[in-house]
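Note that the structure is a prediction, hence the values are computed from the model and not measured. Both counts, for ligands and for their atoms, begin at 1 and track the order of listing.
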Amino acid sequence: MKGSAERRLLSRRRFLELGGAGLAGAALLGVAGCARQESKGLVRLVFSHGEDSEVLRDQIQRFNQRNKGAIEVALRLAPADTDQYFEKLRIEFQAGEAEADIISGDVIWPAQFAAKGWISDLSDLFTADLRASYLPATVDSNTYEGRIYGVPWFTDAGLLYYRQDLLEQAGFSDTPKTWDEMKEMVAKVRRDRGTRYGFVFQGSEYEGGVVNGLEFIWNSGGGVLAPHGIDKVIVAAPEAVAGLKTARGMVTGRVAPVAVPSYKEYESYTVFLNGDAVFMRNWPNVYARAADPSLSKVEQERIGVAPLPVAHPESSAHSGLGGWNLMVNTASEKTEAAWAFIRYLSAPEQQKERALKGGYLPTRKDCYEDGEILSRVPVIELGREAIRDVRSRPVTPLYHDMSLAMAEQFHASLAGMVAPERAAATLQERLQEILERSDSL
Ligand code: GLC
């Protein structure tokens, strides 16, 4: 299935022939011309993504309509859970059997896939000029050793959702700045209103649990790796341990449900939108669900959004950066057509439509100045502070191993299987081993 490097990538010469404007025009008007040059007949592309939605299906259909006879994209649904999707792709890539031409991927994947040679270097297509219109953090998540391996599609940041109505009724006019304030608010609301749970979040042993664990650690002033560079592990330091203790304290203090160590995104928002929790940590697109009465018992107007609480009132809150990118399978011989589809899907019109209809946060800067988006996707304004202060998970080919170790220890600590200090010490050793192993390769 593998073609030569020249065939796989749009050559530099062809790119210059098309020219920046030509290429943009091709993407806008449809790429009938380019596609025909790549192969005489219809170019069929497979796009792999983990979430089915009407808006995505409509967009694909519109693309196919515009490019009738030249390119046809088929959606191949992958698991929605990021870990399962990753595993599926990893197995397929290793076996040389990855069929999708275009792959949607979590922000933590490009460095890992690029290091293995599984996804194409798009630096010559996704030029510095084009990249300048995207939020820098989303571009960074596609950068590996100075080259660019994907185009940001939508972005995510961890947000604190709260029940505005319940807090007001209990006499609170502000959102909690610290975890202690949050606990006080929970105690009062539950006393007054009998709300079942205080705070729900993602504590299961999976990627979401890693992001939640990191947020607890960051917001206690700690870290897993030293801020600059990825070679120094600092997770056994007292600040990081304090983050794990805060998380565990949510369970022992009955602020969170005892089952929270098994919660993923779905369990968290199901409880919250059912009206059973005062606070929830989740991603921005949950806000859109509250607008639909068939999905939520709590109307959107009753829900507020704020940055996550911190341990010390003087420190600023950090949210984990999430989001999804569009990448090209190195083995695909249809890069020109794949690129046209990526340009289309990540263009302002499509990003805007996904924001309006699905609550997915755009990756393009100009969308954040679009009046219609701002008024119809209130989570952007409400979550602006949190969205600004995002932190990435380590961008490294070693991430998968690191993530497994973090998921295991964060979960064990949250579930009370090991003390937070022990979990942090074990994780310190594991991460050091992973880094040392890679040094000796
Ligand atoms: C969301 C985020 C992604 C993260 C995942 C964890 O899909 O966009 O970055 O890894 O949640 O469950």
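In this structure, F154 has no heavy atom closer than 4.0 Å to ligand 1. Heavy atoms of R393 come nearer than 4.0 angstrom to ligand 1 in at least one pair. Under a 4.0 Å heavy-atom criterion, D106 is in contact with ligand 1.
The ligand atoms of ligand 1 that sit less than 4.0 angstrom from a heavy atom of G208 are 6 (C), 12 (O). Less than 4.0 angstrom separates some heavy atom of Y206 from each of these atoms of ligand 1: 12 (O).
Ion pairing of E433 with R437 is absent here, as no side-chain N (NZ or NE/NH1/NH2) approaches a carboxylate O to less than 4.0 Å.
Two residues are said to be in side-chain contact when any heavy atoms from C-beta on lie closer than 4.5 Å; F201 and E215 fail this criterion. At least one side-chain heavy atom of F86 sits under 4.5 Å from a side-chain heavy atom of Q112. Side-chain contact between L244 and R248 is absent, with no heavy atoms from C-beta onward closer than 4.5 Å. At a threshold of 4.5 Å between non-hydrogen side-chain atoms, the residues F341 and I71 do not count as touching. The closest side-chain heavy-atom distance from L435 to V233 is below 4.5 Å. With contacts defined as side-chain heavy-atom distances shorter than 4.5 Å, the pair L345/L326 qualifies.
If you check which protein heavy atom lies closest to atom 7 (O) of ligand 1, you get W324 NE1, 3.1 Å. For atom 12 (O) of ligand 1, the closest non-hydrogen atom on the protein side is E265 OE2, 2.7 Å. At the shortest separation from atom 11 (O) of ligand 1 among protein heavy atoms lies W283 NE1, 3.2 Å. The protein non-hydrogen atom at the shortest distance from atom 8 (O) of ligand 1 is D156 OD2, 2.5 Å.
Checked by atom type, the side-chain pair D101/N329 shows no donor-acceptor distance below 3.5 Å.
In terms of N/O distances under 3.5 Å, ligand 1 is not approached by E207. Taking distance alone, with nitrogen or oxygen atoms compared against 3.5 Å, G323 approaches ligand 1 more closely than that limit.
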